[in-house]
Each structure stands twice: as C-alpha cells, then as structure tokens.
2 protein chains.
Amino acid sequence: MPSLVQDVAERAGVSVSTVSRALRGVPGIAESTRKRVQEAAEELGYVASLSASRLATGRTRTVAVVVPLLSKWFFAEVIAAAGRVLSRAGYDVLLTELSTPELRDAFFAAPRLQGRSDGALVLALQLAPEELAALEAQGQAVALVGSERAGASSVCVEDRNGGRAATRHLINLGHERIAFLGIQEAPGSTLGGVPPAERLLGYRDALADAGISPDPGLEFGVGNTVDAGSAAMATALTMAEPPTAVVAASDELAFGALATLRGAGLQVPGDFSVVGYDNHELAGSVGLTTMDHGVAEQGRLAAEALIATLDGAPAAVERLQPNLVVRGSTAPPRRLRAAGS
Amino acid sequence: MPSLVQDVAERAGVSVSTVSRALRGVPGIAESTRKRVQEAAEELGYVASLSASRLATGRTRTVAVVVPLLSKWFFAEVIAAAGRVLSRAGYDVLLTELSTPELRDAFFAAPRLQGRSDGALVLALQLAPEELAALEAQGQAVALVGSERAGASSVCVEDRNGGRAATRHLINLGHERIAFLGIQEAPGSTLGGVPPAERLLGYRDALADAGISPDPGLEFGVGNTVDAGSAAMATALTMAEPPTAVVAASDELAFGALATLRGAGLQVPGDFSVVGYDNHELAGSVGLTTMDHGVAEQGRLAAEALIATLDGAPAAVERLQPNLVVRGSTAPPRRLRAAGS
DNA sequence: TTGGGAATTGCAAGCGCTTGCGACCCGCTG
DNA sequence: CAGCGGGTCGCAAGCGCTTGCAATTCCCAA
C-alpha cells in the first residue's frame with residue numbers, strides 16, 4: 001500500500017538511487033532534480049521504509065533510554081527533557097525500564113540493544129565496568145546521568161556541594177542538631193553500586209566546617225520513598241535529644257518528613273526545619289526549601305552529549321552545581337527565636 | 001562483528017532457513033535439530049538482526065506510546081505499567097511526547113509511525129476522527145486511554161461517577177457550598193477536544209441529587225497545574241459567600257488548593273475540606289482525600305488490549321470505576337461542628 | 001574542433017533475515 | 001515391491017533501501 005522508492009523514481013523520471021540521494025539530502029544531485037523528486041515523493045505520500053534503510057545503513061537513528069524507575073518524577077522529567085532534544089535531532093526514543101534486579105541482569109546478560117539503537121542514555125544506574133563494556137560491545141554510544149565512568153560521556157551534579165550547602169543553610173539559621181535522611185539502596189533496587197552518598201558526605205562536611213561534632217545516630221539511610229522518609233522522621237522524633245532540623249537527600253523523603261511532622265503537631269518551620277533535594281515539581285506547593293539541580297537540564301545536556309558522541313565527538317563530562325532554593329520550610333530553631341524575642 | 005545466521009548454520013551443519021525456523025520456534029523442525037541450532041547460536045552469541053527481520057517480516061514488534069506530557073505523574077505511571085506488560089510480551093516501547101500543538105500537528109500530518117511500530121497506545125489525547133484514521137492508515141493497531149472512539153480499543157474510567165462520588169462525600173459531611181476546580185484545556189494544551197468534563201458533570205449530578213442549587217460562580221476551569229489550583233482557590237476564598245469545600249478534578253489542582261489554604265491560615269479539614277482526583281503518589285503524604293482510579297491498572301489494561309488487538313482480537317472497551325479514598329482533608333464544615341458541640 | 005574533468009545519474013550488488021515450494025528420506029500400505 | 005504421505009530441510013527469491021563505481025553529459029580551455 002505505501003508507495004516505494006520505485007514509484008517515486010518512475011514518477012520523477014529518475015532512478016531509485018537518485019531518489020534515495022535526493023530525499024536524504026546527499027550532495028551530488030542537481031537542485032532541479034532534487035526538487036522534482038521531492039515533489040513526486042510528496043504527491044505519493046512516500047516515506048522511506050525504516051526497516052529497509054536501517055538494514056542498508058546499519059544505523060537505527062534510535063536511542064535507548066535506560067531508567068530504573070519511570071514513575072519517579074525525577075526520571076520522568078529527565079526523560080522528557082532528553083526526549084525533546086533527541087527527537088528534534090531526528091532520533092527515536094526507546095524506553096527501557098529496569099525496575100527489578102532480574103530485569104537489570106537480563107538486560108545486560110543479552111545484547112538487548114544490538115541493532116535496536118545506536119546509543120544508550122543511562123540514568124542513575126551505577127554501571128559495573130562489564131555492564132558498560134557490554135553496552136559498548138553492542139555498538140552503543142553511551143551517555144550517563146548521575147554517574148561517571150571512564151570513557152563515557154556523562155552529566156552529573158556536584159552532590160557533595162549540594163549536601164553541604166543544604167546543611168550549611170540550616171547551620172546558618174542556628175541549627176545544631178541536624179538529621180540527615182539519606183537514600184540507601186533497598187534490596188530490590190536496581191541502581192546498583194553506590195548511589196548519592198555524596199550528599200551525605202556534603203552534610204558531614206558542613207557539620208565539620210561549623211565545628212559541630214557528627215552524631216551517627218542522626219544519619220538515616222532509607223529507601224527513596226515518601227513513606228520511608230516519614231518513618232525515619234518518626235524515629236528521629238523519638239530520640240532522647242531529637243534534632244531541630246533535617247536535610248533530606250530527596251524531596252520525596254522530605255515530603256514524608258513533613259507529613260510526619262504535621263502529624264505530630266509540629267509546626268514547620270516554627271518547631272522544625274526541613275530542606276529537601278531535587279526541587280521536585282511539588283516542592284513549591286508545600287513550601288519546601290530544597291536544592292535545585294536542574295533536573296530537566298540534566299536530561300537536555302545528556303541528550304546533547306549522546307548526540308555529540310554519536311557524531312564522533314570524544315567523551316566529555318559535564319558537572320552541574322546545585323542551588324539552594326529557600327522557601328518556607330526553614331527558619332531559626334525555636335530556642336533562638338525565643339531567646340531573641 | 002556480530003555473527004550472522006550463516007555462521008550459526010555452518011556451525012550447526014544446517015541451512016540458514018533451518019536456523020531461522022529453529023530459533024523462532026517455527027514448527028516443522030525436528031527437536032534434535034532445533035536444540036543443536038540453539039546451542040550453536042548460544043555459543044556464537046548470535047542474535048538475529050532486528051532490522052533484517054523487520055524488513056523481511058514487515059512487523060516491528062514495537063509499540064509507540066503517545067503521550068501529551070511525560071513529566072506528569074499520571075502519564076509516567078500509566079506508561080510504566082503499560083511498558084512492563086509490553087516488554088514482557090516482547091514488544092519494544094517507543095516514546096512519543098506531543099507536548100505542543102505544533103508537535104501534535106506535525107505528528108499526525110506525516111506518517112510518523114509508518115514502519116516504526118505495529119501499534120500505538122494513545123494516552124489522554126482526544127483524537128479527532130481523522131487523527132485516528134491517520135494512525136490506522138499507517139497500519140497501527142491502536143488502544144486509547146482516557147477517551148473512547150468507535151473501532152478502537154480503549155480503557156477509560158467512569159469519571160462522571162467519580163465526580164459525583166467525590167462531591168457526595170462532601171455533601172454527606174454536611175457541606176453545601178462546594179466549589180469545583182476543573183481542568184480546562186489551556187491554549188497550549190495538546191489534549192485536544194473535550195477532556196474530563198465528565199468529572200464536572202458528576203459534581204453537578206451530586207448537587208442536584210442533594211437538591212443543592214448549582215452556583216456557576218463556584219465552578220472554576222483552569223490549567224491542570226498546582227499553580228492554577230492555587231490561584232483558583234485564592235479566588236474562591238475572596239467570594240462574598242465563599243465555599244466550605246472544594247472538589248478538584250486532579251490531585252495537582254488539589255495540592256495547589258491546599259497550599260493556598262495553608263497560606264491563608266485556614267485549617268484543613270477544620271476550616272475547609274478538599275477532595276482531589278487521581279490518588280497521586282503524594283496524595284497520601286499530604287493526607288488528601290481523593291478519587292482513586294487505578295492509574296497503573298489503566299496502563300496495564302490498555303497494554304493488554306493493544307496486544308490483543310495486535311493478535312487480531314476485535315476492539316473492546318474497558319470501563320473502570322473510581323473509588324473514594326478518604327484521608328484527612330475532609331470533615332464536616334465548621335458550622336455543623338460548632339452547632340454539634 | 002576536441003580532450004579533460006567536473007557534475008550528475010544509473011547500475012547492480014549488497015544489508016541479513018524470512019518463507020513458499022520443492023526435494024528428500026522413511027516407514028507403511030496395498 | 002512399488003507407491004504414497006507425513007515429516008524435515010534446503011533453495012532461492014524476495015523485503016525496500018543504500019552506495020561504490022562506472023557511464024553519461026556538458027562546459028570550457030587549448
């Protein structure tokens with residue numbers, strides 16, 4: 001039913017090879033001929049068969065986006081941004097969610113991207129060297145988001161600085177007992193390897209900078225969910241000497257913490273301060289002070305890096321600086337305000 | 001570099017056609033032969049070239065997921081659920097975001113799915129008849145989520161019932177002045193056509209059922225964003241006779257409303273009740289009473305419907321009933337409680 | 001007028017797999 | 001013992017496009 005190159009060729013009175021070249025903008029075709037061919041193609045509603053040209057060229061013009069969990073806002077946002085860049089550049093976007101360890105293992109065990117895509121955009125996954133090698137063995141150009149590997153392009157944020165800035169903000173307000181809600185890989189996680197422990201390190205840095213002695217009891221490592229944040233916050237409140245503020249390694253955790261605080265009848269920021277990390281879409285609506293790290297921009301930059309790699313550019317890594325966004329969830333601790341008034 | 005059918009054929013001592021058939025499970029191959037071929041393939045790490053088999057068969061084993069806005073939680077969740085079903089069934093998932101009217105028009109103007117996918121899963125978009133026809137003309141099997149079209153499979157929820165149930169819940173609590181925050185297509189929206197006005201109709205139904213005369217001034221139509229909900233709520237509060245409760249057509253709108261209420265110093269549910277719609281991932285953490293409509297299930301069902309269609313089944317439509325999830329954002333209006341105490 | 005070369009275009013050989021059809025091998029029936 | 005039918009397999013013709021290389025045309029300098 002759809003017309004073929006031949007049809008166009010006949011209609012334009014040229015050979016199929018000329019049609020092929022004319023339509024793809026290959027140089028060496030007279031402008032007049034090209035126009036004639038384009039018109040013929042247009043009239044017939046001709047579109048080159050993808051499978052055929054892929055087979056002939058060996059290129060797919062498709063990029064696989066590999067993500068641990070699509071329904072998390074962070075990933076959706078990154079993918080959306082990356083997708084826009086990619087499709088504008090003429091690439092199709094193939095979605096691959098590796099939501100369980102089984103899926104992840106299966107994905108890397110077989111050459112699943114072979115002939116399916118030209119490149120892979122890998123989000124958050126901490127690739128083992130052999131996993132990265134596997135991708136490359138399948139002829140994939142690869143770009144990473146949220147991790148760094150020798151030989152691969154990547155964009156990542158200076159999370160240690162971010163953790164430090166978030167914590168410093170609280171210290172500047174006068175807080176001294178500050179808890180940290182960290183993301184700890186759950187058993188069922190597919191992230192693999194060491195996720196943003198950087199943020200925790202930044203937290204410790206800030207404490208050290210301020211001469212506050214760290215209390216391991218204030219460092220919580222939980223799954224990256226609202227409920228986990230909520231639970232950890234609840235635990236923190238039962239401590240003999242509870243914290244007066246918390247920095248969460250993600251806004252989701254912070255949301256959970258806020259829920260617990262509200263449930264406990266505590267005022268935020270009156271009785272307790274919290275700062276999150278991500279600048280989640282909904283952070284504004286709950287007035288959460290948080291670290292913004294250009295989520296959409298990460299996607300955009302990674303897509304551009306991948307395209308560059310596909311065009312033969314050498315691997316490059318881009319580092320983003322997170323920024324503190326102050327909203328209404330942080331204030332000086334009650335102690336100070338009481339003394340001050 | 002990757003080995004070809006021929007290599008496997010030689011290694012197994014058979015012809016290429018036998019290899020092809022053996023590996024794909026086509027009947028008519030002796031079990032012993034099949035096993036031998038599989039071993040040979042395994043040893044060589046052979047994987048059939050996708051482009052080649054796609055060209056030869058004319059099938060892509062790929063499904064395009066078409067979505068207006070990927071970064072919205074609802075869509076991400078639906079896609080994630082659908083994606084799991086699809087990939088388990090051996091289909092690749094191609095992502096297509098139509099975030100602007102221009103993109104949408106361009107998408108339907110050209111046969112963009114031609115030879116790219118076997119089917120399309122269309123989310124939320126209210127397809128014009130010719131748009132649906134265009135997809136089918138490209139040989140796509142299509143399944144819809146959130147809309148219904150003659151001849152196409154779809155899964156949709158009884159939103160009118162949902163709107164009614166949400167409103168009735170408030171009425172049962174004793175509210176009489178209830179506002180409705182509806183989703184109205186913004187100029188830049190790509191949804192097209194009439195989106196969930198059903199929820200509004202349900203709201204009116206409930207009022208009518210209770211003999212409450214509707215007040216058009218209480219019906220707000222805004223964009224589906226937190227900020228819009230926030231703004232509309234602010235407007236509602238300035239009314240001469242403000243409402244005591246609101247039903248929002250989405251949890252995002254509800255989040256915005258909550259933010260405004262909090263900002264205005266009003267207690268929820270003490271001074272004001274709000275019920276949302278979606279059962280958003282974060283609805284629980286803010287204690288939002290809302291309508292659950294099985295978001296993930298919609299994705300799952302739609303994917304299954306699409307696969308069925310691809311397997312030759314006739315179009316079918318699946319209707320889901322939304323359920324009220326009561327949390328802490330709704331209570332009797334202050335008036336009643338004051339009188340009661 | 002004529003040879004050289006640049007600019008265009010056509011030829012035909014793939015790209016790697018699928019599949020209709022015929023060949024072949026057996027065990028059996030008549 | 002000849003012939004038949006079912007079960008297996010191989011042949012070879014595509015699927016529709018790309019591309020190296022040769023052919024043709026045309027313009028201009030010599």
Side-chain angles (χ1 to χ4, degrees), chain A residues 1-38 40-41 44-62 90 92 111 113-118 138-139, chain B residues 1-38 40-41 44-62 90 92 111 113-118 138-139:
Chain A
M1 191 59 194
S3 46
L4 313 180
V5 237
Q6 269 209 39
D7 304 330
V8 181
E10 285 170 14
R11 183 168 193 115
V14 295
S15 71
V16 293
S17 43
T18 299
V19 171
S20 172
R21 288 192 263 252
L23 258 26
R24 281 176 310 135
V26 175
I29 295 292
E31 238 357 274
S32 57
T33 308
R34 191 185 302 276
K35 178 159 298 181
R36 191 150 33 92
V37 171
Q38 285 173 333
L44 294 174
Y46 171 78
V47 175
S49 153
L50 262 197
S51 332
S53 60
R54 284 180 179 166
L55 174 58
T57 63
R59 299 200 46 192
T60 63
R61 295 216 55 99
T62 295
D92 282 347
L113 257 30
Q114 183 89 267
R116 216 170 288 255
S117 57
D118 298 337
Q138 295 170 45
Chain B
M1 190 59 193
S3 47
L4 314 180
V5 237
Q6 268 210 39
D7 304 330
V8 180
E10 284 171 15
R11 184 166 191 118
V14 295
S15 72
V16 292
S17 42
T18 298
V19 171
S20 173
R21 288 192 261 254
L23 258 27
R24 281 175 310 136
V26 174
I29 295 292
E31 241 354 277
S32 58
T33 309
R34 191 184 303 276
K35 179 159 297 180
R36 191 150 35 89
V37 171
Q38 284 173 333
L44 293 174
Y46 170 77
V47 175
S49 154
L50 263 199
S51 333
S53 60
R54 296 220 241 245
L55 175 57
T57 63
R59 300 201 43 191
T60 63
R61 293 215 56 99
T62 295
D92 282 349
L113 257 31
Q114 183 88 269
R116 216 172 287 256
S117 57
D118 298 337
Q138 294 172 44

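In what follows, every chain begins at residue 1, and chains take the letters A, B, ... in the order their sequences are listed. Treat the numbers as computed from the prediction; the structure is a model and nothing was measured.
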Using a 4.0 Å heavy-atom cut-off across all strands, classify [X] as base, sugar-phosphate, or nothing.
| X | answer |
| --- | --- |
| B/V19 | nothing |
| B/V26 | nothing |
| A/R21 | base |
| A/T33 | sugar-phosphate |

Counting distance alone, no hydrogens or angles: does the base of D/dC11 have a donor or acceptor under 3.5 Å from a partner atom on the side chain of B/S17?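 Flag set: donor-acceptor pair detected.
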
For atom [atom1] of [X] and atom [atom2] of [N], their distance in whole Å:
| X | N | atom1 | atom2 | result |
| --- | --- | --- | --- | --- |
| A/Q6 | D/dC17 | CD | P | 9 Å |
| B/L50 | C/dC15 | CG | P | 18 Å |
| B/Q114 | D/dG16 | CD | C1' | 13 Å |
| B/E10 | D/dG10 | CD | P | 13 Å |
| A/R59 | D/dT19 | CZ | C1' | 15 Å |
| B/L23 | C/dC17 | CG | P | 10 Å |
| A/E31 | C/dT9 | CD | C1' | 15 Å |
| B/R34 | D/dT8 | CZ | P | 10 Å |

Using heavy-atom distances to pick each residue's nearest nucleotide on DNA chain D, tell me which of A/A52 and B/V16 is more 5'.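 It is B/V16, whose closest nucleotide lies nearer the 5' terminus.
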
DNA chain D: B/S32 or A/V5, which has the more 5' nearest nucleotide?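 Its nearest nucleotide lies further toward 5', so the answer is B/S32.
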
Is A/S20 near enough to D/dT18 that one of its side-chain N or O atoms lies under 4.0 angstrom from OP1 or OP2?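 Looking at the OP1 and OP2 atoms of D/dT18, one of them is under 4.0 Å from a side-chain N or O of A/S20.
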
Would you indicate, yes or no, if D/dG10 has its OP1 or OP2 atom less than 4.0 angstrom from a side-chain nitrogen or oxygen of B/S15?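 The answer is yes; a side-chain N or O of B/S15 sits under 4.0 Å from OP1 or OP2.
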
Minimum heavy-atom separation for A/S51 and B/G115, please, with both atom names.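 Looking at all heavy atoms of both residues, the shortest contact is OG-O, 4.2 Å.
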
Using every non-hydrogen atom in the two residues, find where A/V8 and A/V37 come nearest and quote the distance to one decimal.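 Looking at all heavy atoms of both residues, the shortest contact is CG1-O, 4.0 Å.
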
Do side-chain atoms of A/R54 reach the backbone of B/L55 as a donor and acceptor pair under 3.5 angstrom?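 Side chain of A/R54 to backbone of B/L55, a donor-acceptor pair under 3.5 Å: no, none is there.
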
From C-beta outward on B/T18, which listed nucleotide comes closest to its side chain: D/dC17, D/dC9, C/dC17?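 So the nucleotide nearest the side chain must be D/dC9.
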
Taking the minimum atom-to-atom distance to the side chain of B/L55, which one of D/dC15, D/dG20, C/dT18 wins?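 Out of D/dC15, D/dG20, C/dT18, the nucleotide with an atom closest to B/L55's side chain is D/dC15.
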
Hey, could you give me the CG/CG distance between A/L113 and A/D118, rounded to the nearest 0.5 Å?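 The CG atom of A/D118 is 10.0 Å from CG of A/L113, to the nearest 0.5 Å.
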
Hey, mind stepping through A/S53 and A/R61 against side-chain hydrogen bond (donor to acceptor under 3.5 Å, both in side chains) and telling me if it holds? CA-CA 10 Å; A/S53 60; A/R61 295 216 55 99; over 6 Å; no

Of A/A56 and B/R24, whose nearest nucleotide on DNA chain C comes first from the 5' end?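 Taking each residue's closest nucleotide, the earlier one in sequence belongs to A/A56.
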
